[in-house]
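The structure appears below as structure tokens.
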Amino acid sequence: MQLFAIFGDPVSHSRSPLMHNSVFTHTHYKACYTRVHLKDGSQLRETFFKLKLSGANITVPHKEAAFAACDEIRGFANKVGVVNTIIEENGKLIGYNTDADGFMFAIEEFKAIKKVLILGAGGTAKALAARFLEDGIEVSVLNRSEGRLAFFKELSCKVFSWNDFRISSYTLVVNTTSAGLKDEELPAPKEMIDNILQATDYAADAIYGKVTPFLALAKEHDIRFKDGADMLLGQGVLANKLFTKNRLNKADIVKYMQKSFLL
Ligand code: NDP
């Protein structure tokens, strides 16, 4: 029996255990997936081995610590320094990022995305910004503080803090901050968000399972919006393929993960 887990702080809201366990149960795959509330990201590696895990997902705020905890990084995660999936291979930790492709899957229904404004500058923002740029999409980043903006400037995004924000028009605005996750906060001052939503075609939130204050405001502005559920599904399917080493059929993984959303 293999054991998998999600690490985060907070982590009690996470639907990943339900999603992966639904796949394991329905396909009779001998594995179980649990959650670990980890406060200190520097303890990730030690905790992973202590629990004898075969793999893990990493959520807020430990994705950058997860990158540092790995022995080897594969694929897109190398580009952004952010890891959301870890696999144990012969005593080594191998890191991947499935968030960015998961998000691209989620926004397939939004057509002709040309200019994106990302709210927040954490691990998720890094993955999305790099992925959007790969597709030739113009990216601006707005964060409440300046400290984390250097990475995005280097990538050639337009970068702003709340103090120096200059608005433009956007096809899509994405909330990647954790504002609204545990609280009822907006990702930036209300007037700023109102102005942004007036200049935007679509809105998306990485947070799932609730209508965040940001999405409630998007609804008031009558623009098309979606929460992070499809992103969750997209990243989860890719992570499950890594966990099960491609032994399961992708259509089955999608079907059984979607089934868990009804629980
Ligand atoms: P990080 O901790 O790496 O980054 C958080 C960002 O949010 C920082 O830029 C921080 O700003 C900003 N922030 C935090 N609180 C506030 C606030 N009250 N107001 C404004 N800005 C704030 O987090 P992640 O990138 O790992 O995750 C971000 C969110 O995305 C989480 O809610 C997570 O649950 C969700 N997520 C969902 C996924 C899905 O599958 N649907 C996948 C990945 C993430 P500062 O730099 O100033 O501290």
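Fair warning: this is a prediction, and the values are worked out from it, not measured in the lab. Both ligands and their constituent atoms are indexed starting at 1 by order of listing.
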Nearest neighbour in protein (non-hydrogen) for atom 12 (C) of ligand 1 = Thr177 CB, 3.7 Å
ask   = With a cut-off of 4.0 Å, which atoms of ligand 1 are near a heavy atom of Pro61?
value = 2 (O)
task = Taking only heavy atoms of Gln235 into account, list the atoms of ligand 1 that are under 4.0 Å away from them.
result = 40 (O)
query = Does a salt bridge link Glu184 with Lys210, judged by any charged N lying under 4.0 Å from a carboxylate O?
reply = yes
note = Among Ser16, Ala100, Ser178, closest by heavy atom to atom 14 (C) of ligand 1 is Ser178
key: Under 4.0 Å to a heavy atom of Ser145 - the qualifying atoms of ligand 1, by number   = 45 (P), 46 (O), 47 (O)
Lys NZ or Arg CZ of Lys126 over Phe151 ring: under 6.0 Å, within 45° = yes
task = Look only at the side chain of Asp71 and the backbone of Leu93, and say whether a donor-acceptor pair between them is shorter than 3.5 Å.
result = yes
task = State whether the shortest distance between N or O atoms of Ala188 and N or O atoms of ligand 1 falls below 3.5 angstrom.
result = no
task = State the atoms of ligand 1, each with its element, that fall below the 4.0 Å cut-off from a heavy-atom position in Pro187.
result = 20 (C)
request  = Enumerate the atoms of ligand 1 whose separation from the nearest heavy atom of Gly120 is less than 4.0 angstrom.
outcome  = 9 (O)
ask   = Taking atom types as modelled and ignoring hydrogens, do the side chains of Asn57 and Ser16 form a donor-acceptor contact shorter than 3.5 angstrom?
value = no
request  = Please say whether Thr59 places an N or O atom under 3.5 Å from an N or O atom belonging to ligand 1.
outcome  = no
message = Need the ligand 1 atom indices (1-based, order shown) with element for anything under 4.0 Å from a heavy-atom of Gly228.
response = 41 (N)
ask   = For ligand 1, which atoms, with element, lie under 4.0 Å from some heavy atom of Ala121?
value = 9 (O)
query = Taking distance alone, with no angle check, do Leu232 and ligand 1 share an N/O pair under 3.5 Å?
reply = yes
task = Run the numbers for me: atoms of ligand 1, each under 4.0 Å from some heavy atom of Lys63, listed by number.
result = 26 (O), 42 (C), 43 (C), 44 (C)
remark   = atom 37 (C) of ligand 1: closest protein heavy atom, distance to 0.1 Å, is Ala206 O, 3.0 Å
ask   = Looking only at distance, does Asp183 have an N or O less than 3.5 Å from an N or O of ligand 1?
value = no
message = I'd like to know if the side chain of Asp205 reaches the main chain of Asp227, judged simply by a donor and an acceptor atom lying under 3.5 Å from each other, with no hydrogens or angles considered.
response = no
task = Write down the atom of Tyr256, the atom of Ser22, and the distance for their closest heavy-atom approach.
result = O-OG, 2.7 Å
ask   = Should one rank Asn143, Val60, Asn57 by closest heavy-atom distance to atom 33 (C) of ligand 1, which comes out on top?
value = Val60
query = Between the side chains of Asp252 and His26, does any donor sit under 3.5 Å from an acceptor?
reply = no
Salt-bridge contact Asp99-Arg131 (side-chain N to carboxylate O under 4.0 Å) = no
ask   = Under 6.0 Å from the CG atom of Asp40, do we count more than 12 heavy atoms belonging to anything else shown?
value = yes
query = Among protein heavy atoms, which sits nearest to atom 8 (C) of ligand 1, and what does the distance come to when rounded to 0.1 Å?
reply = Arg148 NH1, 3.1 Å
message = Enumerate the ring-ring contact (aromatic ring centres under 6.0 Å, His included) contacts for residues 61-93, please, sequence neighbours excluded, ordered by first and then second residue.
response = none
key: Members besides Leu263 in its Ile/Leu/Val/Met/Phe/Trp/Tyr cluster (side-chain heavy atoms under 4.5 Å)   = Leu18
query = For ligand 1, is there an N or O atom under 3.5 Å from any N or O atom of Arg144?
reply = yes
key: Top protein contact for atom 26 (O) of ligand 1, by heavy-atom distance   = Thr124 OG1, 3.5 Å
task = Applying side-chain contact (heavy atoms from CB on, under 4.5 Å), run through Ile87 and Tyr96 and close with a yes or a no.
result = CA-CA 8 Å; Ile87 305 293; Tyr96 298 85; 3.7 Å; yes
